[in-house]
Amino acid sequence: SSHGEEEKKDVFQELLLTLPKERNWDGTFLYLYQNFWCPSIAMKAVVSFQQHFEARDTDIILASTPKSGTTWLKALAFTIVNRTSYPLKDSPLLTTAPHELVPFTEFDLYFKSQCPNLEDYPTPRIFATHTPYASLPCSIKDSECRIVYVCRNPFDQLISHWHFTLKLRRENVEPLPLEEGFEMYCKGIHSFGPFWDHVLGFWKASLERPDKVLFLKYEDMKENIVSHAKRLAEFIGFPFSSEEEKQGVIEEISRLCSFESLKDLEVNKNGSRPSGAPNNAFFRKAEVGDWGNHLTPSMAKRMEKLIEEKLGGSGLSF
Ligand code: A3P
């Protein structure tokens, strides 16, 4: 009823008033919600996602911090799962942005509606999320659904995020100097930060439940995409047959999903996301080590210290 909706809205507004708030890199806001910094535009969606999402055992959840290879992982997972439905030369990936094919819980599904109908998605449903492990809806953790997490070294993730912010910046917002972005990053104040907590949540889950959570690193994928695509396919229950391997299907899929192939497609050069982000903002350089062109030696040193301090002893390193 509209009365119920009103009440929900009030409860949500009251929640917002209780949360610590900071200015985000792009001039919007971040709320400290359940120990992570949630972009204001995603707040409502995150809460709805937590309240209403019902995972199915067959679901595939792609999780990540922003700017860690999400677009790539979406392209790969979609193509692997649907490879028998279309010949690769007619892949929907050639005409549809990866973010359309695999919607985000925060920026698509629960962004458009508080209680979207997710029943009609073909099985297996593939959804993406930036929500930290600790804050995922219970049904994701309790069901048999799979989670694939991709992370990236924090040096490059920070630089990628900084460029992305500059690109998304509204005209009336001053560009954020890197020094400021760096300071905020070190304090954990960035979209879905702190970075350390985000990666550690999924890292620990992957150690405790290796059949449930696959933990991937962007750098490893860059080094050998074929072996990682193969691993991904097995993990999500769509393994390549030896026949397919012989025919070079894994190589073909890896090529189709590569940065070079995707960034030049018309569909990825134009258009934008419901959140306003232009599709082309998701394709920049895709290099490992681009941070070297931006961070000063003293910034790099500080980041190294932080990595040691936050991740030391976890078995996770960059
Ligand atoms: P750079 O800014 O370093 O170029 P996300 O998809 O999580 O938003 O991350 C975006 C980063 O991944 C950007 O990094 C982008 O260029 C890179 N990227 C996008 N598509 C890619 C692909 N198919 N393969 C490898 N990297 C890709």
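All values reported here derive from a predicted model rather than from experimental measurement. In each ligand, atom 1 is the first atom listed, and ligand 1 is the first ligand listed.
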Within-cut-off N or O pair, [X] and ligand 1, under 3.5 Å:
X	answer
K222	no
T70	yes
F259	yes
C257	yes
E287	no
F283	no
D156	no

Hey, do the aromatic rings of [X] and [Y] have their centres closer than 6.0 Å?
X	Y	value
F182	H294	no
Y133	Y149	no
F282	F164	yes

Of the side chain and backbone of S258, name the one, both, or neither that has a heavy atom under 4.0 Å from an atom of ligand 1.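 Near ligand 1, S258 shows its backbone, while the atoms from C-beta on stay back.
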At under 4.0 Å between heavy atoms, which part of R152 makes contact with ligand 1: side chain, backbone, both or neither?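 Answer for R152: side chain.
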Does a salt bridge link [X] with [Y], judged by any charged N lying under 4.0 Å from a carboxylate O?
X	Y	value
K89	E252	no
R302	E183	yes
E266	K269	yes

Of all the non-hydrogen atoms in the protein, which one sits nearest to [atom], and at what distance?
atom	result
atom 19 (C) of ligand 1	F282 O, 3.1 Å
atom 2 (O) of ligand 1	S160 OG, 2.6 Å
atom 16 (O) of ligand 1	R284 N, 2.9 Å
atom 6 (O) of ligand 1	T71 OG1, 2.5 Å
atom 9 (O) of ligand 1	K67 CA, 3.2 Å

Would you check if there is a donor-acceptor pair between the side chains of S64 and H130 at a distance under 3.5 Å?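 Yes.
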If only side-chain N and O atoms count, and only distance matters, is there a donor-acceptor pair under 3.5 Å linking S40 with N24?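 There is no such pair (donor and acceptor under 3.5 Å, judged by atom type) between the side chains of N24 and S40.
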Counting heavy atoms only, which of W162, F164, Y218 is nearest atom 27 (C) of ligand 1?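 The option holding the nearest heavy atom is Y218.
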Can you name the nearest heavy-atom pair linking S143 to A55, along with the distance?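 Closest heavy-atom pair between S143 and A55: OG-CB, 3.6 Å.
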On a heavy-atom basis, which atom in L176 and which in L166 lie closest, and how many Å separate them?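 Nearest pair, atom of L176 first, then L166: N-CD2, 3.9 Å.
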Any heavy atom of G69 closer to ligand 1 than 4.0 angstrom?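 Contact check G69 vs ligand 1: positive.
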